[in-house]
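A quick write-up on the structure given underneath.
Each chain gets a letter, A, B and so on, in the order the sequences are listed, and its residues count up from 1. What you see is a predicted model; the values in this text were computed from it and never measured.
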Amino acid sequence: MLSDYSAPEIEARWQRIWEEKAVFQPEPDSRQKFFLTIPYPYLNGNLHAGHTRTFTIGDAVARFRRMCGDNVLFPMAFHATGTPIVGLSELIANRDPLIWDVYTKLHGIPEDELSALTTPEKIVAYFRREAKRAMQSIGYSIDWRREFTTTDPAYNKFIEWQYGILRGLDYVVKGSHPVRWCPHDKNPVEDHDILKGEDTTIMDFSLIKFRMGDDVLPCATLRPETVFGVTNLWLNPDVNYVIARVNDETWVVSKEAYEKLTFTDRKVAWGSEISGKELIGKRVKNPLTGAEVIILPAGFVDPDSGSGIVMSVPAHAPYDYLALKDLYDADLSEYGISEDLRKIGFISLIESPGYGEFPAVEAVNELKVKDQNDPKAEEATRLVYRREFHNGVLKANTGRYAGVAVSKIKDVLLRDLIEKGMAEIFYEFSETPVICRCGTRCVIMMVRDQWFLEYSNLAWKARVLDCLAGMQIIPEEFRVEFQNKIDWLKDKACARRKGLGTHLPWDKEWLIESLGDSTIYMSYYILAKYVNSGMKIDSLPPEFFDYIFMDKGTAEDVARVTGIAQETVQQIHNDFFYWYPVDLRTSGKDLVANHLLFFLYHHVAIFPQELWPRALAVNGFVSLEGQKMSKSKGPLLTLRQAVAENGADVTRLYILGNAEYTQDVDWRNDGVGAARAQLERFYNLAREILADKSIDESAEPTLIDRWMLSRLQKRIAEATVAMEGIQTRRALQSAFYLLYNDLRWYQRRGGKNQLRRVLSVWVRLMAPFTPHVCEELWAEMGKGYVSLAEWPVADAALVDEQAEQAEKLLEDTLKDVEEIVKVTKTTPSKITLYTTPAWKQEMLGLAAKAAAGGKLDMGALMKEAMASPAIAAHKKDAPKYAGKLAKAAHSLSAEVLGLDEFETLSRERDYLAKALGVPVEVYSADEAGADPKGKSRQAEPGRPAIWIE
RNA sequence: GCGGGGGUUGCCAAGAGGUCAAAGGCGCAGGGCUUAGGACCCUGUCACGAAGGUGUUCGCGGGUUCGACUCCCGCCUCCCGCACCA
């Protein structure tokens with residue numbers, strides 16, 4: 001049959017109808033509501049396959065719930081705040097060749113259109129239009145009346161209100177924070193601005209302030225607890241140090257460290273230089289223990305790392321031990337050191353299993369490290385650090401910290417030391433150098449007076465965790481991930497100087513950072529509908545929002561203050577309390593540690609518990625032919641391209657059917673081609689069924705009819721459970737592929753009269769996935785929109801185990817015959833089947849009952865069996881069969897006993913003969929008729945004996 | 001390094017103590033149907049096979065169990081996130 005499936009035509013038609021007839025524009029009513037949201041896309045490019053995945057999952061869920069009877073709200077908007085769009089507009093205006101290439105080739109934008117996008121506003125307008133078209137072209141059931149962009153003045157007003165609330169809660173605070181900084185550009189450096197060192201992170205070192213008289217010699221360390229074990233300091237004799245004023249103190253640090261200090265929030269002034277040599281031999285005081293220790297020379301001290309001064313803990317740090325050992329026999333008279341360094345006693349302060357007093361010594365011996373220049377010293381350091389960090393506990397000589405795990409000590413101790421003026425925090429890159437795109441070496445800059453959202457606030461955190469505990473997380477494994485991230489989340493800078501966005505209402509020179517304005521915007525969808533139909537809210541006071549979203553005040557007062565009709569105010573308020581909370585937010589997994597967290601934080605801050613989100617779902621990405629997609633480097637597949645080349649339904653089918661949850665979908669052209677063929681097959685088969693005039697739906701159901709209906713119920717149940725858990729792949733396996741196979745078997749077995757009934761279910765099961773073809777087919781069945789049709793419900797009464805058993809017997813028997821034919825390489829002329837004798841059935845029944853506990857006592861079984869005259873008559877064969885049953889005791893099933901095998905096979909004799917191509921005779925082994933080879937003795941329940949002539 | 005998730009038969013991918021040589025799809029092979037078919041239908045696709053059987057498999061190495069792809073321990077390896085960036 002020739003395919004007349006025309007995706008573009010069908011899809012365009014239904015998209016038009018959905019829009020014209022406002023099929024997806026819900027209003028509050030008496031039904032249960034379901035509010036589903038997906039993070040809006042950022043408008044610096046076209047939607048791509050990754051968006052396609054997240055959005056399509058959401059759309060399928062929206063469609064599913066709608067069919068299940070929920071009043072579904074599925075809105076969409078666009079994100080434009082932040083810096084990238086501003087940067088993009090400049091690059092386009094300057095015709096940056098790289099950007100030009102990316103946007104014409106990867107994003108598929110015609111040159112003349114691209115060249116016009118020279119301002120942020122034009123970019124936003126352009127991509128907003130394109131994104132909306134793309135989403136419409138793939139058939140999303142979005143209520144577009146609620147569309148907005150985060151740069152809309154009305155939205156700004158909403159964000160201002162929100163930040164007013166947060167400020168009132170004291171969740172917005174002022175502080176400083178370290179950023180990667182380019183001294184040349186005088187700007188924070190983002191990842192894509194980096195030439196070298198992209199993976200570098202900012203680490204916080206403790207700067208322990210050893211004192212030499214009034215001077216401070218700060219030592220940078222990642223292990224502040226080891227201050228208890230310091231035996232000496234290390235300085236590099238060949239390095240020049242600086243004596244500088246730092247805040248109100250005099251510090252001695254390397255020149256490099258001095259430079260770094262100038263970018264921190266300290267007041268720094270250059271004093272004079274001093275060579276390392278001059279300092280060596282002098283004594284300093286450990287601020288915590290009060291111990292006097294000597295300064296010794298060491299070549300491994302890097303002036304560019306930390307302060308250029310290192311504290312020495314030879315008991316636990318292999319380098320320190322090695323360096324000290326190297327000095328034992330050295331002549332240090334040039335530094336005026338005459339004492340015997342062997343007298344310096346090591347101080348052990350960490351107890352860890354597997355190590356004795358001095359882990360550093362043990363590790364050095366274990367790895368046979370020669371000296372401080374041996375590369376293996378590095379390995380020894382890592383080894384000791386790892387073991388001590390994970391399993392170590394502080395010893396008694398650490399005083400009040402004794403017994404604390406090493407892994408838990410850092411923050412506590414550092415806080416205490418800072419409080420006592422004994423330490424400060426010093427930020428360093430994890431790797432150096434970090435080079436900006438302009439070629440300059442980056443530093444860490446302390447940005448002062450920055451506005452922060454205080455995500456570290458413990459009370460706030462506790463509420464978020466509380467919220468999480470009450471939510472459904474899909475997949476459930478991600479709950480731990482969320483918990484960990486909440487635990488880890490620190491204060492977040494929420495304002496910046498550049499870009500698009502909303503100004504902080506109380507400090508207008510700051511713009512609210514772009515992730516911070518996207519946290520409770522789902523509530524704004526309710527309002528957006530009114531704004532879009534002409535309501536002006538750009539100058540409304542907070543009382544308006546307070547009433548709408550927080551139920552504070554009265555509609556009457558708000559109407560008076562704003563001049564908006566009281567009924568309208570009341571209606572918006574009621575809309576909000578009808579639709580909220582968010583029932584499900586689905587998103588890509590990249591947003592877990594940022595947006596989704598902030599989403600929870602802000603909801604618990606602003607809304608009462610009953611309005612907290614109910615569920616979060618996380619999904620993986622899309623790769624292209626095994627390659628990771630990249631918006632800037634390619635490969636990239638845009639949504640529109642995918643739909644243009646394959647059609648909306650095929651794209652949806654492929655992307656929903658190839659992976660689920662956090663797995664990535666790999667977009668492969670041959671796979672997509674296969675999906676298209678499958679969809680065409682579905683469509684053609686459906687058309688055939690619709691055209692078949694010979695179907696008699698009122699006919700009495702035969703065995704195969706009952707089998708088909710039974711299977712259908714199972715597929716419905718499987719698909720429903722899967723969709724409830726947002727397992728689109730699993731749902732499609734049942735609703736599409738397996739059901740299709742069932743249908744093939746049904747037709748092959750001569751089934752026909754239930755086809756239309758099955759199709760009615762099938763089309764509905766497929767509607768969330770391939771809505772356009774399904775509408776097309778549904779229209780021919782003449783019952784409104786399939787998008788609004790009732791989701792099929794499995795009818796337990798139609799599940800027919802006996803029919804399924806009968807078909808299984810048939811299938812198994814055919815398989816067995818075919819295998820014998822294959823193995824013996826014979827060409828059969830006649831086949832005789834012998835169904836199980838009654839005594840074996842009886843015995844299986846006894847055995848199954850006896851084996852209920854998983855074990856089968858042969859003796860007891862035989863004894864019981866022999867009591868039955870029918871079994872006793874087969875004294876010879878009975879023990880053999882019993883032995884066989886005993887072996888399989890763990891998996892015995894009496895299911896086959898529910899079936900009259902002789903009756904079944906006799907009835908299907910013609911079918912068997914046709915399928916096998918030779919005459920088939922069926923006997924019961926109890927009345928075997930002609931059986932020259934004695935084959936009938938092999939007959940067992942569920943497994944007829946076979947004799948091939 | 002830290003945290004989360006993986007490694008299954010040519011590929012994608014289900015399975016989570018016995019019903020498993022392991023669903024489904026793709027690919028491949030054979031057959032059918034066809035003027036033709038990159039359409040459709042059937043069959044096969046770990047190896048061997050003597051009548052429906054047997055053997056060897058689920059990243060690697062151990063262990064628990066009558067029995068492990070499934071549970072425990074160790075290791076190797078891949079992917080994602082680690083922020084002020086959307």
Nearest-angstrom distance from the residue atom CG of A/Asn669 to P of B/rG25: 21 Å

Give me the distance, rounded to whole Å, that separates B/rC80 from B/rG32 when you measure between the P atoms they each carry. 49 Å

B/rA86 OP1/OP2 closer than 4.0 Å to side-chain N/O of A/Thr83: yes

Indicate, with a heavy-atom threshold strictly under 4.0 Å, whether A/Thr826 touches base, sugar-phosphate, or nothing. nothing

Which is true for A/Val592 with a 4.0 Å heavy-atom rule: it touches a base, it touches only sugar-phosphate, or it touches nothing? nothing

Please give, in whole Å, the distance from B/rG5 C1' to A/Glu476 CD? 14 Å

Taking OP1 and OP2 of B/rC40, is either one under 4.0 Å from a side-chain nitrogen or oxygen of A/Arg681? yes

Short side-chain N/O contact from A/Gln663 to OP1 or OP2 of B/rA14, under 4.0 Å: yes

5'-most contact on RNA chain B: A/Ala495 or A/Asp816, nearest heavy atom basis? A/Asp816

Could you please name the option among B/rG25, B/rC40, B/rA51 that lies closest to any side-chain atom of A/Ala677? B/rC40

Between B/rG49, B/rG4, B/rC40, which nucleotide has the shortest distance from any of its atoms to the side chain of A/Phe478? B/rG4

OP1 or OP2 of B/rA86 less than 4.0 angstrom from a side-chain nitrogen or oxygen of A/Ser514, does that happen here? yes

Which value, in whole Å, describes the distance between the P atoms of nucleotides B/rG38 and B/rG31? 15 Å

Any chance the rings of A/Trp667 and A/Tyr654 have centres within less than 6.0 Å? yes

Looking only at B/rG52, B/rA14, B/rG4, the nucleotide nearest the A/Val480 side chain is B/rG4

Looking across every strand, which nucleic acid part, if any, lies under 4.0 Å from A/Asp590 by heavy atom: base, sugar-phosphate, or nothing? nothing

So, does A/Tyr661 get its side chain near the phosphate of B/rA14, meaning an N or O under 4.0 Å from OP1 or OP2? no

Cationic tip of A/Lys840 within the cone over A/Tyr881's six-membered ring, i.e. under 6.0 Å and within 45° of the normal? yes

If you check every side-chain atom of A/Arg729, which of B/rC84, B/rA14, B/rC40 has the closest atom? B/rA14

Any strand, both distances under 3.5 Å, Watson-Crick or G-U wobble: B/rG10 pairs with B/rC26

Distance to the ring centre below 6.0 angstrom and angle to the axis at most 45 degrees; does that hold for A/Arg711 and A/Tyr746? no

Pairing partner (Watson-Crick or G-U wobble, both distances under 3.5 angstrom) of B/rG38: none

Under 4.0 Å between any heavy atoms, over every strand shown, what does A/His79 touch: base, sugar-phosphate, or nothing? Just pick one. sugar-phosphate

If you check the A/Asn484 side chain, which of B/rG3, B/rA86, B/rC82 turns out closest? B/rG3

Tell me: CD of A/Glu660 to P of B/rG6, nearest whole Å? 13 Å

Looking at side-chain heavy atoms only, is the closest gap between A/Glu807 and A/Leu810 below 4.5 Å? yes

Measure up the A/Phe682 and A/Trp762 rings against each other and bin them: parallel (under 30°), tilted (30 to 60°), perpendicular (over 60°). perpendicular

For A/Glu819, which contact category applies under a 4.0 Å heavy-atom criterion: base, sugar-phosphate, or nothing? base

Regarding A/Thr824 and A/Thr826, is there a side-chain donor-to-acceptor distance under 3.5 Å anywhere? yes

Rounded to the Å, how far apart are A/Lys884 NZ and B/rG53 P? 8 Å

Length of the line joining A/Lys815:NZ and B/rA51:C1', which is rounded to integer Å: 18 Å

Quote, to the nearest angstrom, the P distance that separates B/rG1 from B/rA23. 38 Å

Roughly how many Å is it from CD1 in A/Ile655 to C1' in B/rC12, rounded to a whole number? 15 Å

What does A/Phe598 touch in the nucleic acid at a heavy-atom separation under 4.0 angstrom: a base, only the sugar-phosphate, or nothing? nothing

Base, sugar-phosphate, or nothing for A/Ala493, non-hydrogen atoms under 4.0 angstrom? base

Using the C1' atom on both, measure B/rU35 against B/rC42 and round to a whole Å. 23 Å

For A/Lys628, report the nucleic acid contact type (base, sugar-phosphate, nothing); a contact means any heavy atom under 4.0 Å. sugar-phosphate

Across the strands shown, which category fits A/Pro41 at heavy-atom distances under 4.0 angstrom: base, sugar-phosphate, nothing? nothing

Hey, do the aromatic rings of A/Tyr455 and A/Phe598 have their centres closer than 6.0 Å? yes

base_contact_polar (B/rC80 base, A/Lys589 side chain, donor-acceptor, <3.5 Å): no

Return the nucleotide paired to B/rG17: Watson-Crick means purine N1 to pyrimidine N3 with N6-O4 or O6-N4, wobble means G-U with N1-O2 and O6-N3, both under 3.5 Å. none

Using a 4.0 Å heavy-atom cut-off, does A/Arg668 contact any base of the nucleic acid, only the sugar-phosphate backbone, or nothing at all? sugar-phosphate

Looking at A/Asn741, does any N or O in its side chain come under 4.0 Å of the phosphate oxygens OP1/OP2 on B/rG25? yes

Watson-Crick/G-U partner (both atom distances under 3.5 Å) of B/rG3: B/rC80

Nearest-nucleotide pick for A/Lys485, side chain only, options being B/rG81, B/rG5, B/rC12: B/rG81

Using atom CH2 of A/Trp488 as one end and atom C1' of B/rG3 as the other, report the distance to the nearest whole Å. 10 Å

So what does A/Ala945 hit on the nucleic acid, given a heavy-atom distance under 4.0 Å: a base, only sugar-phosphate, or nothing? base

For a quick check under 3.5 Å, do A/Arg729 and A/Asn658 share a side-chain donor-acceptor pair by atom type? no

Using the C1' atom on both, measure B/rA16 against B/rG7 and round to a whole Å. 15 Å

Counting only N and O atoms by type, is there a donor-acceptor contact under 3.5 Å from the side chain of A/Ser936 to the main-chain atoms of A/Tyr834? no

Taking B/rA51, B/rC40, B/rC12 as options, the one with an atom nearest any side-chain atom of A/Ile948 is B/rA51

Write down the distance separating the P atoms in B/rG30 and B/rA39, rounded off to the nearest Å. 15 Å

Does a side-chain N or O of A/Arg749 approach OP1 or OP2 of B/rC41 to a distance below 4.0 Å, or not? no

Taking the side chain of A/Arg748 as its heavy atoms from C-beta onward, which of B/rC42, B/rC84, B/rG52 lies nearest to it? B/rC42

Please determine, for the side chain of A/Leu738, which listed nucleotide (B/rA86, B/rG24, B/rA51) has the closest atom? B/rG24

C1'-based separation of B/rG37 from B/rA22 [nearest Å]: 35 Å

Would you mind reading off the distance between A/Leu679 atom CG and B/rA39 atom C1', rounded to a whole angstrom? 15 Å

Look at all strands and tell whether A/Gln938 reaches a base, only sugar-phosphate, or nothing, counting heavy atoms closer than 4.0 Å. base

Would you say the ring centroid of A/Phe78 lies under 6.0 angstrom from that of A/Tyr40? no

Which residue lies more 5' along RNA chain B, comparing A/Glu818 with A/Asn44 via nearest heavy atoms: A/Glu818

Of the nucleotides B/rG49, B/rC12, B/rA86, which has the atom closest to the A/Leu515 side chain? B/rA86

With C1' as the reference atom in both, quote the distance from B/rA29 to B/rC78 in angstrom, rounded to an integer. 33 Å

